[in-house]
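A quick write-up on the structure given underneath.
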Amino acid sequence: MSDADRRKWDQRYRDGAFNQQNPVTLLQQWLPRLPRGHALDVACGVGRNALLLADTGYRVDAIDISGEGLRRARSRADQLGLAVNWIEHDLEQPFDFAPDYDLVVVTWYVNLPLIGRLADCLAPGGCLLSEQHLLTTESVIGPQNPAFRVAPGALRNSLATLEILHDDESHRSTPDGERLASAQIVARRPG
């Protein structure tokens, strides 16, 4: 990404895009089964997943390129009395992630090499949870540019060193009645 990308995302947040307060459904469903401790929310946007994690007792690092998205996330965390370590960083650039995360969450941000590297940041027994838009020929919501979607099997292949607990690629209706194609994975580092 670049400064232009940062400005684009800052403007999208200023314009009210991506204001969802609800955490990703996959995270809500799996949360009772995930290890507790230190968590990382990658491309956190306005912090909906990071706030859920902090509220349930995780020590959370949350990283995003957008200062505006992080400002909104920080404000919401302050309102809720939650502590999160908000990090502004371009994820296309190198970053020294902690090596001991119990949970890494990456949703709706396609960067398969990064997701593969994040597997190495898990503590033994730690889990990585990801949901991405799936490449499809059907008419679905989400980005139309195939660069922002994962090919069938690609998410699973990026985590070949982990034990797969959940792997689903499907088309389904959202609560708003729209069609969605997504790839979901929950994987655990052995140990």
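- In terms of modelled atom types and a separation under 3.5 Å, the side chain of Ser75 and the main chain of Arg71 share no donor-acceptor contact.
- A chain of hydrophobic side-chain contacts below 4.5 Å, direct or via other Ile, Leu, Val, Met, Phe, Trp or Tyr residues, connects Val84 to Tyr58.
- With Ser182 as reference, Arg172 is the one residue of Gln132, His171, Glu169, Arg172 to meet the side chain to side chain donor-acceptor pair (under 3.5 Å) rule.
- Screening Val42, Asp61, Ile115, Leu129 for a side-chain contact (heavy atoms from CB on, under 4.5 Å) with Val104, the sole residue that qualifies is Val42.
- Between Ala187 and Ile164, the shortest heavy-atom distance links the atoms CB-CD1, 3.9 Å.
- The closest side-chain heavy-atom distance from Val24 to Trp108 is below 4.5 Å.
- Contact annotation: the side chain of Ser173 never approaches that of Leu180 to less than 4.5 Å [non-hydrogen atoms, C-beta and beyond].
- At a threshold of 4.5 Å between non-hydrogen side-chain atoms, the residues Phe97 and Asp120 do not count as touching.
- Atom CG of Asp102 sits about 11.5 Å away from atom CZ of Arg189, to the nearest 0.5 Å.
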**Message:** I'd like to know whether Ile87 forms a side chain to side chain contact (heavy atoms under 4.5 Å, CB included) with Phe95, so could you lay out the CA-CA distance, the side-chain angles of the two residues, the decisive distance to 0.1 Å, and finally the verdict.
**Reply:** CA-CA 11 Å; Ile87 304 164; Phe95 187 82; 3.9 Å; yes
**Request:** Kindly determine whether Leu27 and Leu53 satisfy side chain to side chain contact (heavy atoms under 4.5 Å, CB included), including the steps that lead there.
**Result:** CA-CA 9 Å; Leu27 178 58; Leu53 294 171; 4.3 Å; yes
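- Heavy-atom minimum distance, Asp41 versus Ala50: OD2-N, 3.1 Å.
- Taking hydrophobic clusters as Ile, Leu, Val, Met, Phe, Trp and Tyr residues chained together by side-chain heavy-atom distances below 4.5 Å, Phe148 does not share a cluster with Leu135.
- Under the 4.5 Å side-chain criterion, counting only non-hydrogen atoms from C-beta, Val60 is not in contact with His38.
- Leu159 approaches Ala119 most closely through the heavy-atom pair CD2-CB, 4.0 Å.
- If you chain together hydrophobic residues whose side chains sit under 4.5 Å apart, Leu122 and Val105 never meet in one group.
- Within the 3.5 Å criterion, the main-chain N or O of Leu112 finds no donor-acceptor partner in the side chain of Ser158.
- In this structure, CG in Leu51 is found 6.0 Å from CG in Leu82, a value given to the nearest 0.5 Å.
- In this structure, the separation between NE2 on His166 and CG on Leu26 is 5.0 Å, given to the nearest 0.5 Å.
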**Item:** Stepwise side chain to side chain contact (heavy atoms under 4.5 Å, CB included) check, Leu103 with Arg36
**Value:** CA-CA 8 Å; Leu103 176 62; Arg36 300 297 178 187; over 6 Å; no
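- We find the OG-CD distance between Ser139 and Glu178 to be 10.0 Å, quoted to the nearest 0.5 Å.
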**Item:** Derivation and outcome, side chain to side chain contact (heavy atoms under 4.5 Å, CB included), residues Leu40 and Leu118
**Value:** CA-CA 10 Å; Leu40 173 65; Leu118 290 170; 3.9 Å; yes
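- A distance-only check finds no donor-acceptor pair linking the side chain of Arg156 to the backbone of Pro152 [under 3.5 Å].
- Contact detail for Cys44 and Leu70: the closest heavy-atom pair is SG-CD2, 3.5 Å.
- Cys127 places a side-chain heavy atom less than 4.5 Å from the side chain of Pro35.
- Residue Ile185 is not grouped with residue Trp30 when hydrophobic side chains (ILVMFWY) are merged at heavy-atom distances under 4.5 angstrom, including chains of intermediate members.
- Minimum heavy-atom separation, Ala181 to Thr136: CB-CG2, 3.8 Å.
- Considering CD of Gln28 and OG1 of Thr56, their distance stands at 11.0 Å, rounded to 0.5 Å.
- Side-chain polar atoms of Asp64 and Ser66 form no donor-acceptor pair below 3.5 angstrom.
- Looking at Asp100 and Cys121, their side chains never come closer than 4.5 Å, going by heavy atoms from C-beta outward.
- Neither Val140 nor Leu155 shares a network with the other; the hydrophobic side chains, linked directly or stepwise wherever heavy atoms of I, L, V, M, F, W or Y lie under 4.5 Å apart, form separate groups for each.
- No salt bridge links Arg149 with Glu131; every basic N to acidic carboxylate O contact stays at or beyond 4.0 Å.
- Put simply, CD1 on Ile141 and CZ on Arg179 are 10.0 Å apart, with the number rounded to the nearest 0.5 Å.
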